[in-house]
Amino acid sequence: MQQVLPDLLHEVRSALGDRLVGMYLYGSAVSGDYDEGVSDIDLMAAVTGGLSPDVLSALDAGHHRFWSSHPEFTDRIDLIYAPAALLSSLSGELNASGTPPILATVSPGSPLHAEPVSQEWILNRHLVHDTALRSMAARWNVR
């Protein structure tokens, strides 16, 4: 896992440029339950600005380049692209206007797609905050 994460980060950074605020590892890889060759890798990328169709296309192309180089991870990446402001919110709540922000996700069995924030987001946001932001932020901070 530690050998492939820099390649994935490179592809994400190439697609997002300055919009990438940080990339955070969470889940089993942080909690100590990661099973090499079996477990998926849970990541969250904090981004600024919207994820336009062009940016989503660049991310999708980057994911495919990554998977071409690391086919053993084709169905083992669970990556959420979230607005940095939403990730940094202590409550993880939706924005004040009542319009849910858009997240982009790629997960095992599901290609990159954009969708409004759901209730599941609050759980994922707390997992990231409780595991990744405390234990891995300095290591995976992009800036």
Pairwise distance CD1(Ile77) to OG1(Thr105) - rounded to 0.5 angstrom: 13.5 Å
For Ala114, side-chain contact (heavy atoms from CB on, under 4.5 Å) partners two or more places apart: Leu56, Ile102
Set of side chain to side chain donor-acceptor pair (under 3.5 Å) partners for Asp7, sequence neighbours left out: His70
Side-chain touch Ile41/Leu79, heavy atoms, less than 4.5 angstrom: no
Approximate separation, where rounding is to 0.5 Å, of Asp75 CG and Asp40 CG: 10.0 Å
Over 12 non-hydrogen atoms of neighbours within 6.0 angstrom of CD in Glu72: yes
Spacing of Tyr81 atom OH and Met23 atom CE [to the nearest 0.5 Å]: 5.5 Å
Rounded distance (nearest 0.5 Å) linking atom CG of Asp42 with atom CG of Asp78: 5.0 Å
Val12 side chain reached by Phe66 side chain, heavy atoms, under 4.5 Å: no
Set of residues satisfying ring-ring contact (aromatic ring centres under 6.0 Å, His included) with respect to His113, sequence neighbours excluded: none
Geometric class of the His63/Trp67 ring pair [parallel <30°, tilted 30-60°, perpendicular >60°]: tilted
Test item: Ser110 side-chain N/O and Val106 main-chain N/O as donor-acceptor pair under 3.5 Å: no
All side-chain contact (heavy atoms from CB on, under 4.5 Å) counterparts of Ser69, not counting sequence neighbours: none
Between CZ on residue Arg13 and CG on residue Leu20, distance to nearest 0.5 Å: 7.0 Å
Backbone N/O of Pro71 and side chain of Thr74: donor-acceptor pair under 3.5 Å: yes
Minimum side-chain heavy-atom gap Val47-Leu16 below 4.5 Å: yes
Min side-chain heavy-atom separation Pro83-Leu103 under 4.5 Å: yes
Contact summary for Thr48 and Asp18, nearest pair of heavy atoms: OG1-O, 4.1 Å
pair Val55-Ser52: side-chain heavy atoms closer than 4.5 Å: yes
Euclidean distance, Leu43 CG relative to Leu9 CG, rounded to 0.5 Å: 9.0 Å
Counterpart residues, ring-ring contact (aromatic ring centres under 6.0 Å, His included), relative to Phe73 (two or more places apart): none
All ring-ring contact (aromatic ring centres under 6.0 Å, His included) counterparts of His10, not counting sequence neighbours: none
